[in-house]
Amino acid sequence: MLGIENLPKLAGPFLKTERKSPAAMIQQLEQDQGGGMAKDLAKNRRVVMPSWTEHEEIKESQQSCTRNKVQTTKYTFLSFIPKNLFEQLHRFANVYFAFLGALNFVPIVNAFQPEISIIPIVFVMSITAVKDLWEDQRRRKSDQKVNNRLCEVYDRKQKQYVERRWAEVCVGDLVRLSCNEIIPADMVLLHSSDPNGVCHIETANLDGETNLKQRQVVRDLQQQGSEFVPENYSSHLECENPNNDLRRFRGFMEHPGKVRVGLHSENLLLRSCTVRNTETVIGIVVYAGHETKAMQNNSGPRYKRSKLERRLNMDVLWCVILLLLMCLIAAVGHGFWLSGRQNPIYMIPDDTHPALAAFYMFWTMIIVLQVLIPISLYVSIEIVKLGQIYFIQNDLDLYNPVLDTGVQCRALNITEDLGQIQYLFSDKTGTLTENRMLFRRCTVAGTEYPHHENAISLEQYEEQGCGDADHSLTLRSRTSRKSLSCKSLSCNRSSLSLNTLTAESDTQSVHDTLRRHTPGAGAFSSTMECAVVPDPQLQARLNTLSSPMCSPLRQQAAEISHILDFFLALTVCNTVVVSSPTQPRHVQMPVVRTPLRSLEEMKAMFQKLSLPRFPSSPSQNTDTPPSLTKKLFTRGRSASYFPNNPLQTPITTLQSPTAPSGTPTTPVTPALSSGAWSEDVDDIQKAKDNSADESESDDEDEAEELLYEAESPDEAALVQAAKAYGCTLLGRSPEQVLVAVPGTGPLSIPLLHVLPFHSARKRMSVVVRHPLTGEVVVYTKGADNVIMELAEAAEDGFCREIMERTQRHLDQYAREGLRTLCVAKKVLEEQEYKTWLKRHEYAETSIENREELLLESAERLETNLTLLGATGIVDRLQEEVPESIEALQEAGIKVWVLTGDKQETAINIAFACKLLRPTDHILMANCDSKVTTLLKKLQVTKEGVSEDDSSDCVLVIDGRTLDYALQKELQGSFLELTCCCRSVICCRSTPLQKSQVVRLVRDKLKVMTLAIGDGANDVSMIQMADVGIGISGQEGMQAVMSSDFAISRFKFLRKLILVHGHWCYARLANMILYFFYKNVMYVNLLFWYQFFCGFSGSTMTNSWVLIFFNLLFTSIPPIIYGMLDKDVSGETLLDLPDLYKSGQNSQAYLPSTFWMNILDAFYQSLVCFFIPYFAYAGSDIGVFSFGSPINGSALLIILLHQLIESRTVTWIHTALLLFSALFYYVFVLLFSLTCVTCNSPTNPLGIETKMMSEPLYFLVCGLTTVLALLPRILCRAFCSTICPSDLVRAQKMERLSAQDYYMSLRQWKENKAAQRLSSRHVPQNLSVNADMPHLTECIAEAGAVLS
């Protein structure tokens, strides 16, 4: 068991609090409670009182808090230009071009007109500024709409609630809200119109979850249940300072009597949530405006740097180095050129020294050659990525019609990373499986109940398509044919009595009931409300309660006691909310007198059963039936009993006089005369039959009408299973749970405490006061390994045998791939409970270290448990998961499964989804030993695995061993072992371990990682990976909200990675290389000219064409190329996953590929410059006339170069290429015809028209273009013919006919399979196993695949 003392050590890097033992924490808290809070802690707290308080210090503190006005805009009218410029100048490229623009204004180094030199940077920054201004204006309108909303705030001067704008709400204001109103600020709930002090809210605006959350009024407030009078509210509260944790709220409220009550997240109404199903709520504002948790979490889109972008930045630096080298050569050349000439007649006399002139020329050449750094590349990349996201989100193959959702791209700049994934880390439950839990079988008191008929029903249910959920956003009951919109629940009635639950319905078969579900109930709702077919043997034993005429043996009575406790735990130990299709989602607790007859029948039943206690722990079975009777009636316990009618009978709310303060009390049945116990058994049976005849059909309708909304599908499945055996959850409030129990009828069980599930504890518990015995009972359910460790070491053979048999049943369930859960209980003595309660209240009211103290308090209570039984739940694989994993593995992606399930369950699921194959070596690491021992065993295991075997090895490691393996001294050996394995399965892993594994692999192996999950426990793993993908499944939207991409099914990952990932990477990589190529090619033309103009910085083209050539004439085609080009079709990429490896290996953008493009650009620039040079050698043409054919040839070469590199040529590509060419020629012709002084001091008038009128111009352009592109064409043809890559072979296959294509495809796969088989050896199982010898049975039977 993970003790609280070990928590700071394990989570030290992630906890900012001082490490203290639990005892020290509680001692410090007691000192704080008694002697006042320390001054240093006061800085971390906020004191809140009503806004009209007369306490000056608190009033000033509240006035200094942020007001509720929200402003998400960046700019104001005056700050827009300077602030936007400041933000844009954070980019290196913008700073570079702004510097060159300013440099060109220096007369001694300017290369051309200063105004022209700033056009590129002004153009790019203006586009960005307009985009930022548009986005900011949208935010401003949204802010105004939110700030102008109205709400009711109490005004003490007017003695009433008045309407105020949200922006005017302050900390300390009392706000009144009605049903369907949005909460304006974070408020502590002080009053609810619900008699139980309950309020329901919808948090869809925060986390996307559409199911209702239950909030409750602060305990011990005097005015609950009557009209709330703000003037009478005199309490004050202290809470933590604002933070962004949506699921944590720490503080306490101090009432006038100095009584402190702890505050938690259940008391807090969050801004942006919506009030549902409650007529009126009143709260006091604790956080307003930007201090609210909603605004603290409003961080906008996620931005990451992709691997390709990091490579791009490195190559930009190479271009800078190349630019500096070319400028240095020009400067040195200019200095030598000036030194070799003495006062030439064609130069203006100048006293500047050649060395100084060379220095000036260095800066002049930087201005001339500035386009070597592609300024338009950054803008083009953003445009291309937006286009890629658009096509991904509109892919119909990734659309889920059931949920009406497609792919969500939440990170805008890492689309290309999808094409380079090397490691995939996946959760199991809800990611690979449906996470739609269906009860399959159970074991109680050591007896296994296989539920064969239930298995047959589940199979028929699967065949009929259980997964096809109705995508209507409506709660629907097929039996009553009534529906209710989730958004329009009636607020006129905020509570529901039991009598309103019954409705007319048609008779249905079991399979009809199996198909019932509530698709619109919300993200956490039970979408699989399926009836469970009871096991005959278990049903017969439970029916003993309804048949008091038969007298079971004492051992059978103890077993029935276990069974009742087992189902009572399944019913009570959860957070399920009960609702009806025609009513709001919570049930009022009715208080109805119990008839005298029912008590007499109960006595007769207990006498027939001869129970030692009802129900009791086996270790406490010494009481006799008379003592039981005495306990029942001296404590005022009463309940109704109609054996065959457990649902319709009126009930009495049961309350113990010893219940803690804050729990409401109800009337108790008076003491009975002794004559009441002399009723005949025949009278009891007659009363039973009469009541059964009166209400049997109504009860069936009532049971079918109940709907359950759970925080996890497991809870809903277990509640449904208990309901099938007559142990029905009828309603829930913060203080009590309404349950129908076989043999006793409906009971109201006082709910004392709920200890929610925690990833460190791996369990949840409820503390209740038993309605029949009056004892304080703890019911616990959780992971089987944890519960078995917490179960008490029974002295008698009966309990020891139960544990041994239950463990065997758990192993069997795991081998069948079932999710296992253990159920236990503990009976507390009153003094023991009071002692624990005192320390627990300290933990609840603490602000500092509250989570640690509550964890320690729960673990202190959950000891010496009595094991009741275990359950096995079916979680079917999602469709196409095996095919998807097989395709991803063929693509060279190593798939790791990180799950919290048992090892046997994980192995069975791994076989089912083809992560494990029958021929695989299975390496098992299960050690509870020291680090040195594990290190030796890992080294032995590695030596037993050769490199040839690596493709056949799968490592299976449990959570304890993983803890050791993640230690610093073992990380290297662990990674070496995993590199020898095709896949790794981590079992019993915690959320922290998941993130640590991802970070270890990412940082140490320097690989691209992807993590996918569907629950809150996967968030840390998703955020740690290079690419995080969330699945919008049954566990809410936390994973989606934290992810870079969101999908609805695992099968969509196949196309997202193999197709869109490959396309995005290939397109963007080729586009970036093309930009580098065209810029280097064109800049070199200017560089070669310097050798013929004395390195003077002159150019052979006018400055307008020089600036616009890369900015406009050649920038649009590569953008379309980056969005639409397809080297291979999507169908082929799915058929041949091997093609994905080109992206993993970065074959499209290797350093060698970059330098080959640079060399090709140098060659093409040489051809493009010197062919016109020699063609016009000896002629009298001017400088601009010489540059005209060079520019024309360069344009054709650059455009046709892209045509050669394109794998897809559509009419869009052709049209844009023609448009770019025509745009250039139209521009230069108009420029030549109209411009006289546009390029002072030269005059370009008539140059282009004269040159284009000569045939030599077209001959030079054509010859130059052919010679420049010929080497690239020949090289590509040679490589495609002699040594074609897999991508080239796939492209050739696509040109074949359909029949030939499929034959080639089959031949390809056969060749790949033969290559893999040739390296395989006889499979063997290597194990590092210190504490799980039974696992060999699982390996032998692991070939069983889930259907």
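Heavy atoms only: backbone and side chains are in, while hydrogens, waters and symmetry mates are out.
Summarising the local packing, CD1 of Ile81 is surrounded by 12 or fewer heavy atoms from other residues, nucleotides or ligands at distances under 6.0 Å. Atom CZ of Phe1258 sits in a crowded spot, with more than 12 heavy atoms from other residues, nucleotides or ligands closer than 6.0 Å. At most 12 non-hydrogen atoms from other residues, nucleotides or ligands lie less than 6.0 angstrom from CH2 of Trp318. Within a 6.0 Å sphere centred on CE of Met1252, heavy atoms belonging to other residues, nucleotides or ligands number more than 12. No more than 12 heavy atoms of other residues, nucleotides or ligands lie within 6.0 Å of CZ in Arg138, so this atom counts as exposed by the packing criterion. Atom OH of Tyr1302 has 12 or fewer neighbouring heavy atoms from other residues, nucleotides or ligands inside a 6.0 Å radius. Enclosure of atom OH in Tyr1163 by more than 12 non-hydrogen atoms of other residues, nucleotides or ligands within 6.0 angstrom is indicated.
Two rings, from Phe1169 and Phe1092, have their centers less than 6.0 Å apart. Aromatic ring centres of Phe1113 and Tyr1224 lie closer together than 6.0 Å.
Between Tyr1077 and Ile1198, the shortest heavy-atom contact is OH-CA, 4.0 Å. The minimum heavy-atom distance linking Tyr1089 with Ser1098 is given by the pair CD2-O, 3.5 Å. Taking both residues in full, the closest heavy atoms of Pro1271 and Ala1268 are given as CD-O, 3.6 Å, listed atom of the first, atom of the second, then distance. Annotation for Leu369 and Cys327: closest pair CD1-SG, 4.3 Å, computed over non-hydrogen atoms. Summarising the geometry of Ser1165 relative to Leu1085, their closest heavy-atom pair is O-CD2, 3.3 Å, with the distance given to 0.1 Å. Minimum interatomic distance between Met1251 and Tyr1257 (heavy atoms only, all atoms of both residues): O-CB, 3.2 Å.
A distance of 9.0 Å separates CD1 in Ile1072 from CG in Asp315, rounded to the nearest 0.5 Å. One distance of note links OG1 of Thr1264 with CZ of Phe1170; it measures 12.5 Å at 0.5 Å rounding. Atom CE in Met1293 sits 10.5 Å away from atom CG in Asp1300 (nearest 0.5 Å). Rounded to the nearest 0.5 Å, atoms OG1 (Thr1265) and CG (Leu1199) are 10.0 Å apart. Annotation: the span from Leu372 atom CG to Met326 atom CE amounts to 6.5 Å, rounded to 0.5 Å.
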(message) Does Asn1070 form a side-chain hydrogen bond (donor to acceptor under 3.5 Å, both in side chains) with Tyr1149? I'd like the steps, not just the answer.
(response) CA-CA 7 Å; Asn1070 291 328; Tyr1149 196 169; over 6 Å; no
(request) Evaluate the criterion side-chain hydrogen bond (donor to acceptor under 3.5 Å, both in side chains) for residue pair Thr1114 and Lys1078; output intermediate values, then yes/no. (result) CA-CA 8 Å; Thr1114 59; Lys1078 74 183 185 69; 3.1 Å; yes
(message) Determine whether Cys1064 and Leu1068 satisfy the following criterion, side-chain contact (heavy atoms from CB on, under 4.5 Å), listing intermediate values before the conclusion.
(response) CA-CA 6 Å; Cys1064 290; Leu1068 208 57; over 6 Å; no
(request) Could you give me the CA-CA distance, side-chain angles and deciding distance for Thr1132 and Asp1135, then say whether side-chain hydrogen bond (donor to acceptor under 3.5 Å, both in side chains) is met? (result) CA-CA 5 Å; Thr1132 303; Asp1135 291 337; 5.5 Å; no
(message) Working note: Tyr1065 + Asp417, criterion side-chain contact (heavy atoms from CB on, under 4.5 Å); need CA distance, chi angles, decisive distance, verdict.
(response) CA-CA 7 Å; Tyr1065 168 73; Asp417 279 349; over 6 Å; no
(request) In sequence, state the C-alpha distance, the side-chain angles, and the governing distance for Trp1104 and Val1228, and then conclude on side-chain contact (heavy atoms from CB on, under 4.5 Å). (result) CA-CA 9 Å; Trp1104 290 92; Val1228 297; over 6 Å; no
(request) List the steps, then state whether side-chain contact (heavy atoms from CB on, under 4.5 Å) holds for Ser1193 with Asn1191. (result) CA-CA 5 Å; Ser1193 300; Asn1191 286 331; over 6 Å; no
(message) side-chain hydrogen bond (donor to acceptor under 3.5 Å, both in side chains), that's the test. Do Tyr1121 and Glu1205 meet it? Break it down for me.
(response) CA-CA 10 Å; Tyr1121 171 64; Glu1205 293 299 309; 5.2 Å; no
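Between the side chain of Asn1084 and the backbone N or O of Phe1087 there is no donor-acceptor pair closer than 3.5 Å. Side chain of Asn394 to main chain of Tyr390: a donor-acceptor pair is present (N/O by atom type, distance under 3.5 Å, no hydrogens or angles). In terms of modelled atom types and a separation under 3.5 Å, the side chain of Thr364 and the main chain of Gly1097 share no donor-acceptor contact. Checking side-chain atoms of Gln1090 against main-chain N and O of Leu1086 turns up a donor-acceptor pair under 3.5 Å. Checked by atom type and distance alone, the side chain of Thr1281 pairs as donor or acceptor with a backbone atom of Ala1277 at under 3.5 Å. Judged purely by atom type and a 3.5 angstrom limit, Ser1232 uses its side chain to pair as donor or acceptor with the backbone of Ile1247. Between the side chain of Ser1188 and the backbone N or O of Phe1184 there is no donor-acceptor pair closer than 3.5 Å. Judged by distance alone, the side chain of Lys1292 and the main-chain N or O of Ser1280 form a donor-acceptor pair under 3.5 Å. A donor-acceptor pair under 3.5 Å is absent between the side-chain atoms of Trp1063 and the main chain of Gly1130, judged by distance alone. Under the 3.5 Å distance criterion, the side-chain polar atoms of Arg1067 are matched with a main-chain donor or acceptor of Met1123.
In this structure the side chain of Tyr1176 reaches within 4.5 angstrom of the side chain of Val1260, judged on heavy atoms. In this structure, Trp1308 and Leu1136 have side chains that are in contact, with non-hydrogen atoms separated by less than 4.5 Å. Side-chain contact between Met1081 and Ile1197 is present, with at least one heavy-atom pair separated by less than 4.5 Å. Within the 4.5 Å cutoff, no side-chain heavy atoms of Lys1141 are placed close to those of Asp1286. Counting heavy atoms from C-beta on, the side chains of Leu308 and Ile414 never come closer than 4.5 Å. Two residues are said to be in side-chain contact when any heavy atoms from C-beta on lie closer than 4.5 Å; Ile1057 and Tyr1140 meet this criterion. By the 4.5 Å heavy-atom criterion applied to side chains, Phe1109 and Leu1195 are counted as neighbours. Phe97 places a side-chain heavy atom less than 4.5 Å from the side chain of Gln370.
Look at Glu416 and Lys307 and you find no salt bridge, because none of the NZ, NE, NH1 or NH2 atoms lies under 4.0 Å from a carboxylate O. Ion pair Asp136/Lys74 not flagged as a salt bridge, since none of the NZ, NE, NH1 or NH2 atoms sits closer than 4.0 Å to an Asp/Glu carboxylate oxygen. Of the charged side-chain nitrogens involved, at least one lies within less than 4.0 Å of a carboxylate oxygen, so that Lys1055 and Asp395 count as a salt-bridged pair.
Between the side chains of Ser1206 and Asp1125, no donor-acceptor pair is found at a separation under 3.5 Å. No side-chain N or O of Glu1248 forms a donor-acceptor pair with one of Tyr1225 less than 3.5 Å apart. Side-chain atoms of Tyr75 and Glu87 form a donor-acceptor pair, as typed in the model, at a separation below 3.5 Å. In this structure, a donor-acceptor pair under 3.5 Å is present between the side chains of Asn84 and Gln88.
Note: Phe1223 and Phe1219 have parallel aromatic rings, judged against thresholds of 30 and 60 degrees for the angle between ring planes. The aromatic rings of Phe1227 and Phe1108 stand perpendicular to each other, their planes meeting at an angle above 60°, with 30° marking the opposite boundary.
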